[in-house]
Structures are given as structure tokens and as C-alpha cells.
2 protein chains.
Amino acid sequence: MKTLKIIKIGGNIIDDDNALQQFLKAFATIDAPKILVHGGGKLATKMAEQMQVEVKMIDGRRVTDLETLDIITMVYAGKINKNIVAQLQANHCNAIGFSGADGNTIVSNKRPVNAIDYGFVGDVKQVNTETLEILLNNNITPVFCAISHDKNGQLLNTNADTIASELAIGFATKWNTELYYCFEKNGVLEHVDDDNSVIENINTATYKTLVDNKVIFEGMLPKLNNCFHAINHNVQKVCIGKAQMLFQKDNKHTTITK
Amino acid sequence: MKTLKIIKIGGNIIDDDNALQQFLKAFATIDAPKILVHGGGKLATKMAEQMQVEVKMIDGRRVTDLETLDIITMVYAGKINKNIVAQLQANHCNAIGFSGADGNTIVSNKRPVNAIDYGFVGDVKQVNTETLEILLNNNITPVFCAISHDKNGQLLNTNADTIASELAIGFATKWNTELYYCFEKNGVLEHVDDDNSVIENINTATYKTLVDNKVIFEGMLPKLNNCFHAINHNVQKVCIGKAQMLFQKDNKHTTITK
């Protein structure tokens with residue numbers, strides 16, 4: 001089986017032109033099939049402010065009304081995605097930008113309205129890898145923004161970590177798939193303020209203990225749930241850490257195992 | 001040789017949700033390799049106003065400073081392109097959105113600064129069809145916005161009519177290529193206010209006469225220059241008219257010949 005690396009980057013890289021440039025230069029040197037998934041960073045919020053569109057939050061979560069969806073589509077699929085693609089081309093990596101609508105790659109259901117109406121938010125239902133496989137087999141690198149569609153013409157805002165894990169799961173039966181979550185810390189930390197306290201391996205049993213002991217909490221919970229979702233659905237390798245983990249062999253990071 | 005239809009749509013379709021929906025429904029039924037090229041319509045100007053970014057014009061032409069390029073990238077490659085792709089998917093047409101950076105398909109030179117500095121505007125230098133051919137051969141439809149890149153990481157604003165003609169020329173040695181410019185009139189008109197006065201055929205000789213007699217003027221001149229550029233570079237068929245010319249056999253339009 002061929003190996004595929006799916007690499008997700010977040011705000012600490014996206015929001016810093018210099019960090020993004022350095023990362024893309026290194027990413028381009030990865031001499032294997034690869035898919036890049038990027039979040040949106042702070043730019044969508046900044047854009048909403050500039051356009052005087054109110055950011056609606058319920059319980060700390062952004063509500064995606066139609067105006068917000070437009071901004072997200074413009075910022076994620078437009079500005080961020082196309083600039084990443086152009087920079088990868090400059091680094092001799094033949095990239096193509098994707099939303100989940102492109103190639104019908106990621107189909108979602110609009111999240112049902114229960115207690116909270118999150119608006120145009122999509123929960124992934126189906127990943128279609130055929131088109132992506134054709135591209136990967138031709139040495140082309142897909143670059144995904146965090147937008148899916150419902151196959152009825154509606155774009156949907158979708159969590160970038162989820163896009164990455166669902167893509168990985170979609171490939172995992174046919175490719176030896178590795179999933180890397182790059183973020184601002186060296187991995188899952190024993191002590192949240194000590195970047196050297198990396199927990200190098202977490203499995204299902206130790207995860208439960210870490211959650212029970214509140215070592216893992218808040219934003220790390222959905223990230224780790226995505227990790228375990230992937231590792232429990234045939235994804236071969238799941239890692240969390242700084243982007244350097246991809247390029248430096250001795251770089252400490254967290255590996256998730258069953 | 002296989003036949004490829006390259007179809008460019010402009011503001012009269014882009015700016016009208018209903019017209020766009022109807023067009024895409026019909027476009028999806030074209031049972032042959034096809035590429036859609038779209039302009040930006042009035043949305044970029046509207047967005048610039050909302051963001052309080054000043055639109056700079058010199059001699060009636062928009063100057064693309066960095067802020068304007070960002071808006072164009074967000075509106076053309078983001079909002080318009082992704083919504084078109086999602087609607088085509090809903091109509092069972094497997095589309096993928098492209099800028100010229102994606103797949104390194106359209107490489108441009110930043111326009112040299114002479115009397116006027118147009119800013120981040122690209123003049124097309126090279127079209128690479130390999131990736132597009134792979135997709136077309138797999139029944140996938142590329143959808144192009146009017147943005148190219150310089151292969152050094154810079155996106156460039158590029159005229160949509162030019163994107164369409166240069167794509168057509170890029171394919172013309174390998175594919176039987178047809179180029180269709182859809183706009184708000186039935187074709188090139190003998191009398192600008194009479195939509196029934198379509199000139200059904202224009203060749204190089206009659207074009208010269210029409211320009212000399214000022215029947216063709218202003219915005220039609222660059223459009224027709226693109227047409228003749230294409231027909232003089234192996235493109236098999238070049239037509240101008242309403243989008244209906246694609247779907248109704250008896251629909252009057254203008255055909256350009258050598």
C-alpha cells in the first residue's frame with residue numbers, strides 16, 4: 001500500500017505570514033503523496049469586523065448565518081487557500097485547492113437544529129476519494145479548506161480537524177494513511193504551561209485517565225476525539241505536535257494509538 | 001480529436017442568482033468535456049464598498065492594489081467559484097474550481113509599469129493543460145475564476161475573456177476546441193440598440209471594416225481581439241452571444257472565422 005500523509009495546520013501558522021512561508025517551503029519537500037488541510041485562523045473574524053458583520057456566538061461557539069458563511073467561503077476558500085496554492089507552486093509543489101464541493105469530495109449534512117441552531121454548519125457524511133486519488137497518483141497535492149457541501153448546492157462550514165480526520169478515514173482502507181495535527185504546542189502536555197511535558201503516547205485507556213484527571217480538557221477534547229475516531233477507523237498513524245515533528249526526527253510530539 | 005467546449009460567462013449571469021441557477025442547470029447537461037470560465041460581475045465592487053476599500057481607476061480601468069487583489073481573490077475564487085461548483089455538483093456535474101495557480105494551469109507576468117501602473121494584473125505567459133486533461137478525461141469539469149499566478153507565489157488579476165481564450169489556445173493543438181463567449185446580447189450587433197441586428201459571421205476582413213466604420217467599438221474591441229487571437233491560434237470555433245446559443249439550435253449569435 002502506498003503511504004499518504006494528511007497534514008492539518010492551524011492558526012499559529014495561518015495567521016503568521018513568515019511561519020506560513022517557512023512551513024510551505026518545508027511541506028513542499030515532502031517527497032510522498034500528501035494532502036494539506038488548513039483552518040481559517042483569525043482572518044475570518046477580522047474580515048467580519050471590517051465588513052461590520054456581527055459575529056454571533058452561542059456557548060462560545062460561532063453561529064454560521066448566511067453572511068458569516070459568505071465570509072468564511074471568501075476567506076478560507078479564496079484568500080487563504082489560493083495564496084497557499086500559489087506559494088506551493090513557487091516551491092515546485094503542484095497543488096490544487098479544494099473545498100468539499102470540489103470533486104464532490106466531502107459531503108455533509110447541515111447540523112440539525114436542536115437546542116441550538118448553529119446555522120450553516122456541516123457534519124461530514126461521506127468522503128469521496130476517487131478524484132483525489134487520480135491527482136495524488138499524478139503527483140498533485142490537494143489543499144483543503146474547511147468547507148464541505150450538502151450535494152444540493154449548499155456550502156457548509158465544517159471543522160478543519162474533522163475535515164482532516166474524515167479525509168484520513170476515507171483513504172485508510174486503500175492507502176497507508178498518516179494524520180498529523182500541527183498546532184502551537186509540542187503535543188498533548190502533562191502540564192498545560194510546560195511545553196516540555198509532552199505525553200509521547202496516548203492510547204484509549206490512558207486517554208480516559210487523562211480526561212478523568214482533567215489533564216486533557218477544553219479545546220483538546222474535540223481534537224483528541226478526532227484523533228481516536230481516525231485511529232479506530234484504520235488510519236495507521238495519528239500524531240499531534242508542532243509542524244517540526246514532520247521535518248525533524250527527534251522532535252517530541254504525541255502519538256495516538258489504540 | 002476529442003471536442004472541448006470552453007464557455008465564458010459574465011456579469012449578466014453571475015450577478016443574477018436565478019439566471020446563474022438556470023444556466024448551471026443547462027450547462028450541467030452538456031454531455032462533453034467542458035470548462036467554465038467566469039468573471040466577477042459587480043460583486044467585487046460591492047464588497048470593496050462594504051469594506052470601505054477605495055476602488056482606484058485610471059482611464060476607466062481598475063487598478064489592482066494589494067487590498068483590491070485580496071477582495072478579488074475572496075470574491076472570485078471564494079464566494080463565486082465555490083458556489084458555482086456546489087451548484088454544479090447538485091446538478092450532477094462533477095466540477096472542481098480553479099484559479100491559474102491551481103495545477104499551475106495559467107502562468108502570467110505582472111504587467112510592466114509604463115505610463116500606468118495597473119498593479120497586480122497579469123498578462124498570460126503560459127497555459128499548462130496536463131492536469132486539466134487528466135480531469136477532463138475523467139469526466140470532471142474545471143471551473144475557472146479570472147485569477148492567474150506568476151509561479152513565484154504572487155496571484156494576479158487577469159481578464160476573464162483572456163483566461164478563456166488562452167485556455168482555448170492551450171488546448172487547441174491537442175483538442176478540437178470551441179470557445180463560447182456568453183454575454184447579455186445576441187452577438188455582435190449591427191445597431192447597438194437592436195438585439196435583432198446580429199452580425200452572424202465576422203472574419204478578419206469584415207472585422208476591419210466594422211471597426212473602421214465604428215460599428216464595433218469600446219468594450220467589444222478587446223472581446224473581439226480575444227476571439228481573433230483564439231481563431232488565429234488553432235481554436236476551431238469561436239462564438240459570441242447569449243448563453244442560449246449553447247442550448248438552442250436556432251438561437252442567433254455571432255461566429256468568428258479567419
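Chain letters run A, B, ... following the sequence lines, proteins first and then strands; every chain starts at 1. All of these numbers come straight from a predicted model, not from anything done at the bench.
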_Using a 6.0 Å cut-off, check whether atom NZ of A/Lys174 has over 12 heavy atoms from anything other than its own residue._
yes
*Under 4.5 Å, heavy atom to heavy atom, which residues of residues 129-154 of chain B contact chain A?*
B/Thr131, B/Ile134, B/Leu135, B/Asn138, B/Ile140, B/His149, B/Lys151, B/Asn152, B/Gly153
*First locate atom CG of A/Asp70, then atom NZ of B/Lys79, and finally report the distance between them rounded to the nearest 0.5 Å.*
3.5 Å
*Mind checking which of residues 83-111 of chain B sit less than 4.5 Å from chain A, heavy atom to heavy atom?*
B/Asn83, B/Val85, B/Ala86, B/Gln87, B/Gln89, B/Ala90, B/His92, B/Asn94, B/Ala95, B/Ile96, B/Gly97, B/Phe98, B/Ser99, B/Ala101, B/Asp102, B/Gly103, B/Asn104
*Can you tell me how far the CD atom of B/Gln50 sits from the CD atom of A/Gln52, to the nearest 0.5 Å?*
8.0 Å
